[in-house]
Amino acid sequence: MIPIATTNPVTGQVLKTYEPMSDEQLDGAIDRADLAYQQLRGTTIDQRGSWLNAAADLLEAERDEIARLMTTEMGKTYAAAKAEVTKCAAACRFYATHAAEFLADQPADAQAVSATRAFVRYQPIGPVLAVMPWNFPLWQVLRFAAPALMAGNTGLLKHASNVPQTALLLEDVFRRAGFPEGAFTTLLVGSEAVEKILGDPRVRAATLTGSEVAGRSIAQIAGRELKKTVLELGGSDPFVVMPSADVELAAEVATTARCQNNGQSCIAAKRFIVHADVYDAFAEAFAHRMSALRIGDPMQDDTDVGPLATERGRDEVDAQVRDAVDKGATVLCGGEKPVGEGWFYPPTVVTDLDPGMRMWAEEVFGPVAGLYRVSSYDEAIELANGTAYGLGSNAWTRDPREQERFATDLEAGAVFVNGMTTSYPELPFGGVRNSGYGRELAAQGMHEFCNTKTVWIGEGTATAGVGAHAE
Ligand code: NAP
């Protein structure tokens, strides 16, 4: 079991540890979430919106302090942490503003179904368990919590064991914003408690953002319990560069896309697939930019890349690179685990990869890029779609016909052409294949944890009929 503790990845020093909740405490927390659901579902959207706007106010007012805590717990740069808090506040405001529109009754063609009125109504389903990762410790939770609370559900957060203070802070923010006691609760438990929580009849559904292993486990439990799940899992996003692309711009965005959040983002571009016509120019510009990034203390303004969040994560990245090098891959820059304190790993570009190497098929959760040369559009698509994942994807081309083809042919939950894959509250987010299922964000994300109820109303007179009888 992973201890529930804050450990600074810059020094490896354990700063604070927590005892997991007892079974009794857990039962009480689930009970309060259930009671709060009975209360929350009866409140108006305006009321919930005013609480969510108050949460946004608190996040904005306390941004620097919250960001410092996130940086201390998982090593992202302070600048990135501040931007994450700001994004979370904006997402709260987005849902506070748009929930009424997303949750409004949707009229259907009453005449076609022999009704006087027919429509779809969205209603909450109850307490939802959210199992979340440490990489965007605030954003991953907010993008579930904001729409869920606006819909009238309550949230039970089992956060990653290495970000307990951020998890507790979030509970505190929602409480101070005015949400009823139990509307959003942090459960300080290890992953072994998930089975029990999801098996509890008061808990109606689960959302997980995390690894494929965790996804399979939660899907299995939820299947047995017949409970809805949304799974946001790993990815090995392709970043395809075609001859008509602005190569310098593509290399600049490629560097940010690979190294954002110290390389630990599910939608980071991980495999760079470049047409032979522009391969040499791209490889040179990319390796140059990657090696120019400054590694160091994430609290310093001039640091681009901080440490990886855990020692285990850093060792895994190093093992994947070593495996490739031992089997004949070429390192264009980086590739050596630094000695000394902290779980740092340098921005790295590896090429001459082949299917026998781990990096070919696995997700690399650190600032390491795999670089591939292709000679045609078809070859690019085959390689891009050639892993078990399908989360985000990137294509760089100024040819309108190719842009259309990429939009259709890339097997992923998102395709970004000439821009970096990013999550926006306005757009649905999620994956296909082993990257998971279901969507977060936008109206689609809000509807995942709603009862999409069909309402059919007849005239109620003998002559008007009572609807067709075949199922
Ligand atoms: P992880 O080990 O799966 O941890 C994520 C969460 O799941 C943590 O709260 C963890 O708790 C819990 N967990 C782990 N194993 C579990 C199990 N067998 N049953 C139930 N819960 C379990 O993920 P990670 O390696 O820390 O995070 C990185 C992964 O998350 C990458 O694959 C990344 O791509 C993916 N990710 C996906 C998205 C997306 O939106 N698709 C976003 C971010 C990250 P403990 O901490 O207590 O182990």
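Order of listing sets the numbers, starting from 1, for every ligand and every atom in it. Everything numeric in this text was worked out from a predicted model, so none of it was measured.
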Can you tell me the protein heavy atom closest to [atom] and the distance?
atom	answer
atom 28 (C) of ligand 1	F365 CE2, 3.5 Å
atom 15 (N) of ligand 1	A214 CB, 3.6 Å
atom 2 (O) of ligand 1	S211 OG, 3.8 Å
atom 21 (N) of ligand 1	S191 CB, 3.6 Å
atom 19 (N) of ligand 1	S217 OG, 3.7 Å
atom 26 (O) of ligand 1	W134 NE1, 2.7 Å
atom 37 (C) of ligand 1	L233 O, 3.1 Å

Counting only N and O atoms by type, is there a donor-acceptor contact under 3.5 Å from the side chain of [X] to the main-chain atoms of [Y]?
X	Y	answer
N8	V10	yes
S393	D237	no
Y389	A412	no
H159	T186	no
T422	M420	yes
E411	G390	no

Distance under 4.0 Å to a non-hydrogen atom of [X]: what atoms of ligand 1 satisfy this?
X	answer
L391	41 (N)
F429	40 (O)
R143	39 (C), 40 (O)
L208	7 (O)
H159	9 (O)
S161	45 (P), 46 (O), 47 (O)
M132	6 (C), 8 (C), 9 (O)
I2	48 (O)

Sole residue of Q264, K76, Q140 in side chain to side chain donor-acceptor pair (under 3.5 Å) with N135: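 That would be Q140; it is the only one of Q264, K76, Q140 passing the side chain to side chain donor-acceptor pair (under 3.5 Å) with N135.
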Could you say whether the N/O atoms of [X] and ligand 1 ever approach to under 3.5 Å?
X	result
R312	no
E363	yes
N135	no
K158	yes

Proximal candidate to atom 12 (C) of ligand 1 [heavy atom criterion; set N162, V131, L198, I267]: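 Answer by nearest heavy atom: V131.
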Per atom 30 (O) of ligand 1, closest listed option by heavy atom (G210, C266, P3):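 Considering heavy atoms of G210, C266, P3, the nearest to atom 30 (O) of ligand 1 sits in G210.
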Indicate yes or no: at least one non-hydrogen side-chain atom of [X] is less than 4.5 angstrom from one of [Y].
X	Y	answer
T348	P367	no
E232	P133	no
D31	R202	yes

Report the relative orientation of the aromatic rings in [X] and [Y]; use parallel for angles under 30°, tilted for 30 to 60°, perpendicular for over 60°.
X	Y	answer
F365	W134	perpendicular
F179	F174	perpendicular
F102	F94	tilted

Per-atom contact, atom 4 (O) of ligand 1, protein heavy atoms, under 4.0 angstrom: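 Answer no: nothing from the protein, no heavy atom, is under 4.0 Å.
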